[in-house]
**Student:** 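Dropping the structure in here first, questions after.
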Number of protein chains: 2
Amino acid sequence: MTAPATTETGAAAEEGLGFRPLYAQVRDRLIRRLVDGVWAPGEPLPSEMQLAAELGVSQGTVRKALDAMAAENLVVRRQGRGTFVARHDEERIMFQFFKLVGDDGARTFPQSRVLSVSAARANAGERDALKLERDAKVVRIRRLRSFGETPAIVETLTLPETIFPGLSAMEIPNNLYGLYAMHFGVTVASTRERIKAVATCAQDAETLGVPAGTPALKIDRLALSIERQPVEWRVSVCLTERFHYLSELR
Amino acid sequence: MTAPATTETGAAAEEGLGFRPLYAQVRDRLIRRLVDGVWAPGEPLPSEMQLAAELGVSQGTVRKALDAMAAENLVVRRQGRGTFVARHDEERIMFQFFKLVGDDGARTFPQSRVLSVSAARANAGERDALKLERDAKVVRIRRLRSFGETPAIVETLTLPETIFPGLSAMEIPNNLYGLYAMHFGVTVASTRERIKAVATCAQDAETLGVPAGTPALKIDRLALSIERQPVEWRVSVCLTERFHYLSELR
DNA sequence: TAGTGGTCTAGACCACCCT
DNA sequence: GGGTGGTCTAGACCACTAA
């Protein structure tokens, strides 16, 4: 086909949605397959040529869709090898979502000790944060995270029971996002963190082994899935005596 | 020319630098012109076609270079109008580098009151942060920033005198990055922030009008120019009673 | 050596903006 | 209407990887 590029433009315009590029449509279709688990994490997608033939577009259009997905950290592209579904292994999470760094620049991933796991009806704050219906059930996890022998973070997580059924009865691993992907097919694609400085309350201080009132970072994180649905609410209280939160802005 | 795409690849390979794409070379050349002030902020660059003809590459290659620069916030592209040198006006800085947001979600830019300006020889910490030579001179600025009538941030800035000659004798505006660009041709392209929770010291507490020891965020920011040279070191102590630091991660 | 993604080109048409 | 960036295609060659 040497025909001009008309494609679906007309259809999109007729729908009253002011034009959606073909590559964006291709991206949407590929993301749909990712969400549906057509390809497992770490597995290679078909080659650009194959996808192009199958979807009826040019290789260049598939490429632009895949490049966009790579920019969103949904796939990883490797020259000479292929395009792979992104994995949620420890390393990736550490660099992507875990922003606490040693003052000497060292990036170590903390160990976790679960303090409690419980199932309950969501309270008002949880419903608000996770956009839940009235009477929705949630799982609450409280844990202490340490670098080596030094306690540094105490955090409370709240998760919708509908998205993570049976979680409260499971063993809780250190790397939660890996568990979400593996057992529940949920990929955390982005997070929004609100950070404040607070004085540690008596309970947190005791758990962390510091005097009550010690200054700490309170990080309020909402994690969103690929479809931008809230899947986890996490409030972390972090000591920053020997660590800091690193934020690089462009 | 219907000739294949050979271009400078050979030359780059011969230099022992394992291959640098043409579009990256084009990007470098265009950035060089930006730095040299060939086009002023807010001014349009020549069209893709003109640049392509001038640089002896295809329009597509220029496009990829410009897209990369747009991703780095160095230029702004507007369909139907042209490609413009990014401006450092208040709005852009607010959304790009200023991460303090009201708890109600409101983004307001604080007013500043300069407490002191001085010129001095850089101390060890300043030399280290800004990568300065021994005996280098710096300008120090200390200022209080308030939202409305409420003091919220007290910060100390250190700037190399070689990059900002005569700054200590100038009027200090609220929007510093605009001043850097306008009067010194320095564009802040990225920042690295290290955040800790601290108890306010007596001096900062008095300036902010809170009891000494009140928890606050200490934000240690290093600002880099387009050429990745350190141009400003800023330590801010922020109250977060009614504000928070917002960090969105993908 | 074959297959993959990465780069580069050339040309067409589309959406948008200004005059 | 004429110019700009944005999309799409088609085809060629380059760089990298693995068998």
Side-chain angles (χ1 to χ4, degrees), chain A residues 1-28 30 39 43-53 55-71 75-86, chain B residues 1-28 30 39 43-53 55-71 75-86:
Chain A
M1 274 194 289
T2 318
T6 329
T7 67
E8 307 275 330
T9 301
E14 282 159 27
E15 289 167 20
L17 309 168
F19 174 64
R20 186 150 180 79
L22 228 202
Y23 75 85
Q25 298 172 36
V26 169
R27 170 183 162 280
D28 290 346
L30 293 177
W39 308 293
E43 199 174 299
L45 274 61
S47 75
E48 295 180 349
M49 280 304 206
Q50 288 172 350
L51 287 173
L55 299 172
V57 299
S58 78
Q59 186 196 11
T61 299
V62 170
R63 165 158 293 160
K64 203 160 178 187
L66 289 174
D67 284 344
M69 292 167 70
V75 297
V76 176
R77 316 199 70 191
R78 271 196 272 258
Q79 190 177 40
R81 296 193 50 197
T83 301
F84 302 81
V85 181
Chain B
M1 278 192 287
T2 318
T6 329
T7 67
E8 308 276 331
T9 300
E14 284 161 25
E15 289 168 21
L17 310 167
F19 175 64
R20 185 150 181 77
L22 229 203
Y23 74 85
Q25 299 174 34
V26 170
R27 170 183 162 279
D28 290 347
L30 293 177
W39 307 294
E43 200 175 298
L45 273 61
S47 74
E48 294 179 350
M49 280 303 205
Q50 288 172 348
L51 286 173
L55 300 173
V57 299
S58 78
Q59 186 196 13
T61 299
V62 170
R63 164 159 293 156
K64 204 160 179 189
L66 289 174
D67 284 344
M69 292 168 70
V75 298
V76 177
R77 315 198 71 189
R78 271 196 272 260
Q79 190 176 37
R81 296 192 52 199
T83 302
F84 302 81
V85 181

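Lettering of chains follows the sequences in order, A, B, ..., and the numbering in each one begins at 1.
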**Student:** For B:R63, report the nucleic acid contact type (base, sugar-phosphate, nothing); a contact means any heavy atom under 4.0 Å.
**Tutor:**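 Base contact.
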
**Student:** Between B:L45 and B:W39, what is the shortest heavy-atom contact and its length?
**Tutor:** CG-CE3, 3.9 Å

**Student:** Give the rounded distance in Å between these two atoms: CZ of A:R78 and C1' of C:dG3.
**Tutor:**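 Rounding to the nearest Å, CZ of A:R78 and C1' of C:dG3 are 16 Å apart.
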
**Student:** Indicate whether OP1 or OP2 belonging to D:dG6 is found under 4.0 Å from a side-chain N or O atom of B:R77.
**Tutor:**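 Yes, such a contact exists.
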
**Student:** Would you please confirm or rule out a distance under 4.0 Å between OP1 or OP2 of D:dG5 and any side-chain N or O of B:T83?
**Tutor:** yes

**Student:** With side chain to side chain contact (heavy atoms under 4.5 Å, CB included) as the test, pick out the partner of A:V75 among A:D67, A:T83, A:L30.
**Tutor:**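 In the set A:D67, A:T83, A:L30, the residue that makes a side chain to side chain contact (heavy atoms under 4.5 Å, CB included) with A:V75 is A:T83.
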
**Student:** Taking CG from A:D67 and P from D:dC8, how many angstroms apart are they, rounded to a whole number?
**Tutor:**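 From A:D67 CG to D:dC8 P: 14 Å.
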
**Student:** Quick one: does B:V76's side chain get under 4.5 Å of B:R78's, heavy atoms only?
**Tutor:**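 Yes. Closest side-chain heavy atoms under 4.5 Å.
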
**Student:** Grab the CZ-P distance between B:R20 and D:dA15 for me, whole Å please.
**Tutor:**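 Going from B:R20 (CZ) to D:dA15 (P), I get 15 Å.
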
**Student:** Which nucleotide wins on minimum distance to the side chain of A:T61, given the candidates D:dT4, C:dT7, D:dC8?
**Tutor:**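 The closest nucleotide is D:dC8.
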
**Student:** Please give, in whole Å, the distance from D:dT4 P to B:L45 CG?
**Tutor:** 13 Å

**Student:** Could you tell me how far apart B:Q25 (CD) and D:dC14 (C1') are, to the nearest whole angstrom?
**Tutor:**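 So the CD-C1' distance, B:Q25 to D:dC14, works out to 14 Å.
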
**Student:** Rounded off to whole Å, could you give me the CG-to-C1' distance for the A:L22 and D:dG6 pair?
**Tutor:** 13 Å

**Student:** In whole angstroms, how far is the P atom of C:dC17 from the CZ atom of B:F84?
**Tutor:** 12 Å

**Student:** Checking contacts here: which listed nucleotide (C:dT4, C:dT9, D:dT4) is nearest the side-chain heavy atoms of B:Q50?
**Tutor:**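 Closest nucleotide among those given: D:dT4.
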
**Student:** On DNA chain D, does the nearest nucleotide to A:P21 precede the nearest nucleotide to A:Q79 from the 5' side, or the other way round? Give the residue.
**Tutor:**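 First, find each residue's nearest nucleotide; the 5'-ward one identifies A:P21.
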
**Student:** How many angstroms lie between CZ in A:R63 and CZ in A:R77, if you round to the nearest 0.5 Å?
**Tutor:**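 Rounded to the nearest 0.5 Å, the CZ-CZ separation comes out at 6.0 Å.
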
**Student:** Rounded to the nearest Å, what distance is computed from the CD atom of residue A:Q59 to the P atom of nucleotide D:dG11?
**Tutor:** 11 Å

**Student:** Side-chain N or O of A:K64 less than 4.0 angstrom from OP1 or OP2 on D:dT7?
**Tutor:**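 Yes, within the criterion.
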
**Student:** Hey, does the side chain of B:E48 reach the backbone of B:V62 with a donor-acceptor pair shorter than 3.5 angstrom?
**Tutor:**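 Absent.
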
**Student:** Please check the phosphate of D:dC16 (OP1 and OP2 only) for any side-chain N or O of A:R81 closer than 4.0 Å.
**Tutor:**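 No.
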
